[in-house]
Amino acid sequence: MEGRVPEDLVVVVDADGAITVWSDGARRLLGYEPAELLGKPVTDLLAARLPESTRRHAADGRRWAGEVALRHRNGNRVVVRLQGTPLADAGGGRHWLVTGTVPVYPAVRAEPGAILPLWDLTLAQLPVPVAVYDRDARLVAANEIMTEVMGRSEEDMKGLTLWEIEPNPPFDEYDRLQREVLRTGEMIFHEEHAQAPGQTRPHAWSMFLSPLKDETGAVHGMSATVFDTTEQYWARRRLAVLNEASLRIGSTLDVTRTAEEMAEVAVTGGFADFVTVDLLESVALGDEPGPLPPDTPVTVRRTAQLSVLRGCPESVVASGETTRYPVGTLPMRILDAGRGVRHRPGDPEVQEWLRSSPARAETVSRYLIHSVMMVPLRARGVTLGLVHFLRHRTPEWFSEDDLLLAEEIVARAAVSVDNARRYTRERRTALALQRSLLPERPPELAAMDVAYRYLPTGAGADIGGDWFDVIPLSGARVALVVGDVVGHGIQASATMGRLRTAVRTLADVDLAPDELLTQLDDLVIRLDREEGPEVRGAQEASGQVGATCLYAVYDPVSRRCTMARAGHPAPALVTPGGGVRFLDLPAGPPLGLGGLPFEASEVQLEENSLLALYTDGLIEAPDHDIEVGIGLLHRALSTPGGTLDETCDRVLRTVLTGRPEDDIVLMLARTAVLDAAKVHTWQLPPEPAAVARARKMAGEQLAEWGLTEVEFATELIVSELVTNALRYGGAPIELRLIRDSTLICEVSDGSNTAPHLRRARVFDEGGRGLLLVAQLAERWGSRQTATGKTIWAEQPLPAGL
C-alpha cells in the first residue's frame, strides 16, 4: 500500500485496535515512522474524543466517516477527515481500513504547523479527482485530475455552481446532491455511469460528497471526491451476467430451449449484440456425439440465435437449418483446439472464414460488425457445438476478460445442453419402447368404429405407463381396455407392456370383465413382490407396482356392453340423440391391493352410441380440480358433429388448458349393431338326430349367404361341436352362425366343463373331433356363459366375399 497514494493517510487497524499498516502519506502527515506505531493502539494518535456517530457506527461494524483530531509527532493538533471501512480476513476476523484527507475551511484560520501548505500539495497531487465547494455550492478549488474530468480549467469553473458549469444531466443531479449535503451536514455516496470524452465504453464513478465542518459542527462547505470504478463496474457487470447464466440456463431438459437461454443471457445482459449457437447434428437430434472426423467438413444445426435487432437480420442461417464448416476454416480449428478465440473482422483468420460465405461477408460489412468471439461448446470432454458472439452496436471490442466470461458461460451451458441431450435420448428410447407396446392403428371391426389419441407427457417429465387396446373377441364381440400404471420412466413402460400382454392373454380365454380384473390383480401383486426394491424376496406386496384399468366387452348382436373397472375413471356415454352421461360403474380397488372384489355392470347401448374411455391425465391438471376437468370433457362431448378423429381433437382442445403433466389416453368407440340377416340361431333338442338336422340347417343357411365353398368344412365343424354338446354337455343346446369378416360357428350347451383338445392314438375310435375342428378352422375356442359354455370356431370367407 505504501507509495500507492503518497499524500493520503491510509491505515489498517486490527480487531484489537492495533495499527497493522502505516502508509507513507500518513508518515508525512503526522510525522511518525512505521516502526514507532505498528502494533501500537490507534487511540495513541487521537488528540480528542471521537464523535458519537463515528463510535456508534464503528461499534456496529458499519462504514463510518467523520472529522477526527489527531496528534502530530511535534505535538500539533491535526484535523483529518477520516473514513473507516470494515474488512474481513480469511479467518473471519474484522479489520478496519481507515483513509483520511485534511479538510479545508474557507475563511477559517488553520492551526499552526504548516498544515495548509501540506493540504494544498495533497489537493493538487492527489491521484483522484477532488473539488471543494463553499456554503453556496460554488467551486473553491479543484485538483488537476478533476479539471480533466470536467473538461474545463479551474479558473473557468471557480466561483460557479455545477448547474452554472453544465446545466444538463447528470450535473443537475450532482448540484441537487451537493445542496442536500450542505443542508443536512451528512455525507452522501453516489454512483454514476457515463460516457467519458474520448472513451469507447461507459465509465463508472463513485463520489463521496462530504460536508466540511469546524470544531463546532458548523458546515462551511463541502468536498467532492471522485473515484474511477470503471473496472470494478465492468467486473460486477460480468459477474452479474455469469450469475444470470447460472439462474436461467438449464431451466428445462430441452436442448433447443437451453441453447436459446444461453443466447438470451448474453444479449439481454448487454454482453453481445448477436449470438448464435450451432450444435453438431447428432447433438441436436439427441444422439451421442462422436469424435470430429479429420479432414471432413462438419455439419451443424443452428439451434438458437438472438440479436439486439428485431428478427436477427445479421443471420445468414435460419434457426433450425443446417450449415457446414469447411475444412481448415476458423470454426473447424476452434472445434479441434477446444479453446475460444476473439478476433476482429480484419484479422486474416476471420477473412478466410468470410471468404467461404459471401453472404456472411456482406452481413459483416453491412452491420459494421467489429468484434467476434467463437467459443466451443464442450462438456465431459466431448465437443457439442460452437457459439458465436458478435458486437456491432456496442463500441468496445471484446477483451480478454470478456473471452474468459464467455468461456465460463458456455461451459455452464454445455453441461445443461449435454444433460438435455442425454435426457432427450433416454426419453426417446422410453417413448419408442412405449409406442412399440401400444397398438399402431385400430383394427377393422364390424362391431364398432374406434379412434384414439395418446399424448405422452410434455418435455421435462418422464414417460408414464398409460396404455389402451382394442381386442377382437369371439362372436364378433370387441373388448376395449384403458389402463394407467403407477410411476414413470422405463420401468413403468415395461410394466405397462406386461399388463397389456396379460390382458390380451386373459381376453383370449374369454373371461368376464370382473374375472379378468381379478386375475390381473393377482398378476400385479406377483410383479410387485418380484420387483419391489424394498421388499425383494418378501412375502407381502410393497405397493411399488400398481395400476388402474377399465375393461369393457361389447356384443354387437345383443347390443350389451359389460364393463368393470379397477380404480379407473368412469367412462362417458354419448347417446345417438347427443345426451352425455358418465356411467355409474362400481369403482373397484386399483390393481395390486388384493383381497377386494371387482364388480361388473351391464349396459344396453343403442346403435351409434359413443363410448369415451380415458386416463386421469385428461381430466386432472395442477390448475383446476378434477370436477372442472370432467365438466370440460362433458362440454366437449356434447358438441355434435364430426368424425371420431375430429371429436378426439375437439376433446383435447377443450379439456387441455396447458401442457399435460401426465400421459393422456383418449379412446372413442361408436357402436354398431350386426345386421340380423347376418346372424342365425337354432335351438337343438338333446337327441342324436339333432346332429344331422344341424348339418342340414347350416348348409341351407350357407347357401342362402352364398358361401357354398365352405359348406363341407362348416358341416363337419357343426357335426363335431353338436356331437360334443350332446355327449359331454347338456340342455339347452344352441347353434348360431354369424357372418362377419369371418364365418363364425358357435355351439352352446348347459355344461360348464371346458373342452380339452387331445391327440388320439392309432387304434382309438374317438378323440379326434376337436383336432379336426382345429385343423378346419382358422381359430377356435370356448367361453363361459351364464348358463354354461360356448364352443366356437372361425373360418375365413372365400376370396371376394
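A salt bridge is absent between E715 and R695: the closest approach of a Lys/Arg side-chain nitrogen to an acidic carboxylate oxygen does not fall below 4.0 angstrom.
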Q) Given R453 and D649, is the salt bridge (Lys or Arg N to Asp or Glu O under 4.0 Å) satisfied, shown in steps? A) CA-CA 8 Å; R453 294 291 184 272; D649 294 335; 3.1 Å; yes
Q: Determine, step by step, whether V486 and T548 satisfy the side-chain contact (heavy atoms from CB on, under 4.5 Å) criterion, reporting the C-alpha distance in whole Å, the side-chain angles of both residues, the deciding distance to 0.1 Å, and the verdict.
A: CA-CA 8 Å; V486 173; T548 65; over 6 Å; no
Q: Tell me, with the steps shown, if R736 and W792 meet side-chain contact (heavy atoms from CB on, under 4.5 Å).
A: CA-CA 9 Å; R736 184 168 72 165; W792 55 270; over 6 Å; no
Q: Any chance you could lay out the side-chain contact (heavy atoms from CB on, under 4.5 Å) test for L480 and Y452, step after step, and finish with the verdict?
A: CA-CA 11 Å; L480 302 175; Y452 53 77; over 6 Å; no
Q: Might you work through the side chain to side chain donor-acceptor pair (under 3.5 Å) test for Q683 and E734, ending with a clear yes or no?
A: CA-CA 5 Å; Q683 302 294 328; E734 180 183 276; 2.7 Å; yes
Q | side-chain contact (heavy atoms from CB on, under 4.5 Å) evaluation trace for L583 with L611 | A | CA-CA 10 Å; L583 299 179; L611 277 174; 4.2 Å; yes
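Checked by atom type, the side-chain pair T615/D484 shows no donor-acceptor distance below 3.5 Å. Between the side chains of R783 and S474, at least one donor N or O lies within less than 3.5 Å of an accepting N or O.
Looking only at side-chain heavy atoms (C-beta outward), L735 and C745 come within less than 4.5 Å of each other. The shortest side-chain heavy-atom distance between D510 and Q784 does not fall under the 4.5 Å cut-off. Between L610 and L644 there is a side-chain heavy-atom pair separated by less than 4.5 Å. M667 places a side-chain heavy atom less than 4.5 Å from the side chain of V450. Contact of the C549 side chain with the L520 side chain is registered, since non-hydrogen atoms from C-beta on lie closer than 4.5 Å. Counting heavy atoms from C-beta outward, V485 and W467 have side chains that approach closer than 4.5 Å. Taking 4.5 Å as the limit, every side-chain heavy atom of V655 sits out of range of all side-chain heavy atoms of L666. Side-chain contact check for I525 versus D521: some heavy-atom pair is nearer than 4.5 Å.
Looking only at distances, a side-chain donor or acceptor of Y554 sits under 3.5 Å from a matching main-chain atom of A672. Here the side chain of R650 pairs a donor or acceptor atom with the backbone of T639 at under 3.5 angstrom. Under a 3.5 Å cut-off, the side chain of R301 and the backbone N or O of T322 do not form any donor-acceptor pair. A side-chain donor-acceptor contact under 3.5 Å links T643 to the backbone of E646. Distance alone, capped at 3.5 Å, is enough to place a donor-acceptor pair between the T671 side chain and the E606 backbone. Counting only distance, with no hydrogens or angles, the side chain of D625 and the backbone of E627 share no donor-acceptor pair below 3.5 Å. With hydrogens and angles disregarded, no donor-acceptor distance shorter than 3.5 Å links the side chain of W705 to the backbone of K678.
Atom CE of M563 sits about 12.5 Å away from atom CG of L517, to the nearest 0.5 Å. Put simply, CG on L737 and CG on L702 are 6.0 Å apart, with the number rounded to the nearest 0.5 Å. Distance check: Y551 OH to I471 CD1 gives 5.5 Å after rounding to the nearest 0.5 Å. Between the CD1 atom in I733 and the CG atom in L726 there is a gap of 4.0 Å [rounded to 0.5 Å]. The line from CG of L637 to CG of L632 is 11.0 Å long, rounded to the nearest 0.5 Å. Expressed to the nearest 0.5 Å, how far CD of E709 lies from OG1 of T714 amounts to 11.0 Å.
In this structure, R422 places its CZ atom where more than 12 heavy-atom neighbours from other residues, nucleotides or ligands lie under 6.0 Å away. Heavy atoms from other residues, nucleotides or ligands lying under 6.0 Å from CZ of R581 number 12 at most. Applying the 6.0 Å contact sphere to CD of E602 captures more than 12 heavy atoms from other residues, nucleotides or ligands. Under a cut-off of 6.0 angstrom, the local environment of CD in Q604 is crowded, with over 12 non-hydrogen atoms contributed by other residues, nucleotides or ligands.
G465 approaches D663 most closely through the heavy-atom pair N-OD2, 4.1 Å. Shown here for T708 and A703, the closest heavy-atom pair between the two residues is CG2-CA, 4.0 Å. For M448 against A669, the heavy-atom pair with the smallest separation is SD-CB, 3.6 Å. The two residues G475 and D555 make their nearest non-hydrogen contact at O-OD1, 4.3 Å. Pairing each heavy atom of A612 with each of L668, the nearest pair is CB-CD2, 3.5 Å. Minimum heavy-atom separation, P589 to P597: CD-O, 3.6 Å.
The side-chain contact (heavy atoms from CB on, under 4.5 Å) check on A621 picks up D623, H624, with sequence neighbours excluded. In this structure D469 satisfies the salt bridge (charged side-chain N to carboxylate O under 4.0 Å, His left out) test together with R500, R504, sequence neighbours excluded.
Using cut-offs of 30° and 60° on the angle between ring planes, the pair F582 and Y614 is perpendicular.
Evaluated for a side-chain contact (heavy atoms from CB on, under 4.5 Å) with L516, the options V553, T505, L506 yield exactly one hit, L506.
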